[in-house]
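See structure below.
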Amino acid sequence: MAEVNTGGGGGKGGKKRSKKISTKIDMTPMVDLAFLLITFFMLTTTFNKPKIMEVKMPVKTEDNKKTNYKESETMTLVLGEENKVFYFMGLTNPQVESTDFSDQGIRKVLLQKNKSIPEFKVVIKAMDTSKYKNMVDILDEIHITGVKYYAIGKISPKDIELTKTVQGS
Amino acid sequence: MPKVKIPRKSISLDMTAMCDMAFLLLTFFMLTTKFKPEEPIAVDMPSSISESILPDANILTISIGKEGRVFYGLDGQEAKREVLKNISSKYGVTFTPAEEKKFILMSSFGSPVSELKKVLGSKEAEMKQPGIPIDSSNNQLRDWILYSARADKQLKVAVKGDKETDYKVISRVIAILQDLNINKIKLITTMEAKPQ
């Protein structure tokens, strides 16, 4: 009897033939989704790290030794309010002038002086009221113009007095 | 003449390979993405032409906001734990393990030590921190930097200042660093095109 059942084929209703389902699935939506997520993560990932500008401050010495420079080679830059910058050469009766941070401003002055004076040095002094941006800008200008020697100094009341002579005129 | 029979090709192609690749890339991007942690201080950095990149590790970041609030951020969890231990013994404030853990996970903070407990306790206080005192009578920033430098021998100090910060605050922070014999300072900036 068993033989009959097995051999008899499906027609008899004894065994149901399972339908062959294709193993292939449509992967299009999955790929779509995957690419969508890829795009999202690619756009949100930031590979660029913040840039830095390294500043080396002078090391404090025990005896507070000061190096002297020729006044004729040293320019003092005073950063003032409202993106103004004052500059003068030397310290004895200097001719103070003011300019700004544009291409035609302080950059031109620095380039010209750097060319004409072989050992050109710059001392940067910022007023308390000047902005941090000005400081970064001026350091930038120094790098752009290729001034070799520069230092960040402390502002003195005398420097502020000197800048006032310009503002008055 | 018999017609040339063009074999009919199935238009459904095997997408397994593409799918594999797509998921590989997806995994890569998901793992490399670092979501920017929410910081209690917004700093709009100035731009410079400098091209050096901030190193990955051993960085102490001093953020200075527009209004002159000073924030402190240190990477390296072990170093942070040690710094907190030193600070708590110096200022006589004790922290629970939970608070300690919160402190280690925080990206940056800026409040006097006396209020640190409150900041660690509530999200609201965390968003409204007054900044670390830097004046000479109550110079807490100096202690934070000092202990950080002790905890991490290779510490590099980065200053992240806002464009509009008064230079007065920046010079004060630099003076504190110089006082601690840290003379190399990294100013964090954004990129700017180099002029021709």
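Chain naming here is simple, since letters A, B, ... match the order of the sequence lines and numbering starts at 1 in each.
Looking at A:Thr129, only its backbone comes within 4.5 Å of chain B, counting heavy atoms on both sides. For A:Leu139, the part sitting under 4.5 Å from any heavy atom of chain B is the side chain, from C-beta outward, and nothing else. Proximity to chain B involves both the backbone and the side chain of A:Thr28, based on heavy atoms less than 4.5 angstrom apart.
Residues A:Val109 and A:Phe120 share a single hydrophobic cluster, defined by chaining ILVMFWY side chains whose heavy atoms lie under 4.5 Å apart. Note on B:Leu180 and B:Ile132: same hydrophobic cluster, where clusters join Ile, Leu, Val, Met, Phe, Trp and Tyr whose side-chain heavy atoms are under 4.5 Å apart, directly or indirectly. One hydrophobic cluster, built from ILVMFWY side chains closer than 4.5 Å, cannot hold both B:Phe23 and A:Leu36; they sit in different ones. With hydrophobic clusters built from ILVMFWY side chains whose heavy atoms lie under 4.5 angstrom apart, A:Ile138 does not share a cluster with A:Tyr149. Taking hydrophobic clusters as Ile, Leu, Val, Met, Phe, Trp and Tyr residues chained together by side-chain heavy-atom distances below 4.5 Å, A:Phe86 does not share a cluster with A:Val123.
Highest contact tally toward chain A, considering only B:Met21, B:Glu164, B:Lys160, is held by B:Glu164 [criterion: heavy-atom pairs under 4.5 Å]. The residue among A:Ile144, A:Ile155, A:Asn134, A:Val55 with the most heavy atom pairs within less than 4.5 Å of chain B is A:Val55. Options A:Met30, A:Lys154, A:His143 differ in how many heavy-atom pairs under 4.5 Å they form with chain B, and the most are formed by A:Met30. Each of B:Thr27, B:Thr16, B:Thr189, B:Leu177 has some count of heavy-atom pairs under 4.5 Å with chain A, and the biggest count is that of B:Thr189.
Closest of all the heavy-atom pairs between B:Val159 and A:Tyr132 is O-OH, 4.0 Å. For the pair A:Asp140 and B:Ser47, the tightest heavy-atom approach, listed with the atom from each and the gap, is OD2-O, 3.9 Å. Considering every non-hydrogen atom in both B:Tyr167 and A:Met127, the closest pair reads CB-O, 3.7 Å.
Around the CD atom of B:Gln77, the shell of radius 6.0 Å holds no more than 12 heavy atoms that belong to other residues, nucleotides or ligands. Other residues, nucleotides and ligands contribute at most 12 non-hydrogen atoms within 6.0 Å of the NZ atom of B:Lys168. Around NZ of B:Lys102, the count of heavy atoms belonging to other residues, nucleotides or ligands within 6.0 Å exceeds 12. For A:Lys121, the NZ atom counts as densely surrounded, since its 6.0 Å shell holds more than 12 non-hydrogen atoms of other residues, nucleotides or ligands.
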How far apart are the C-alpha atoms of A:Ile152 and B:Ile174, what are their side-chain angles, what is the distance that settles it, and do they pass the side chain to side chain contact (heavy atoms under 4.5 Å, CB included) test? CA-CA 11 Å; A:Ile152 299 169; B:Ile174 290 178; 5.8 Å; no
Evaluation steps, side chain to side chain contact (heavy atoms under 4.5 Å, CB included), between A:Lys131 and B:Lys163: CA-CA 7 Å; A:Lys131 302 290 178 203; B:Lys163 268 186 207 171; over 6 Å; no
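Summarising the geometry, atom CG belonging to A:Asp137 is positioned 9.0 Å from atom OG belonging to B:Ser48; distances are rounded to the nearest 0.5 Å. Put simply, CD1 on B:Ile170 and CG on A:Asp128 are 12.0 Å apart, with the number rounded to the nearest 0.5 Å. Taking CG of A:Leu43 as the reference point, atom CZ of B:Phe29 lies at 9.0 Å (rounded to 0.5 Å). Rounded to the nearest 0.5 Å, atoms OG1 (B:Thr165) and CE (A:Met135) are 12.5 Å apart. Distance check, rounded to the nearest 0.5 Å: CG of B:Leu25 to CG of A:Leu37 gives 12.0 Å. With rounding to the nearest 0.5 angstrom, the CE atom of A:Met53 is 13.0 Å from the CE atom of B:Met45.
Side chains of B:Leu26 and A:Phe41 form a contact here, defined as non-hydrogen atoms less than 4.5 Å apart.
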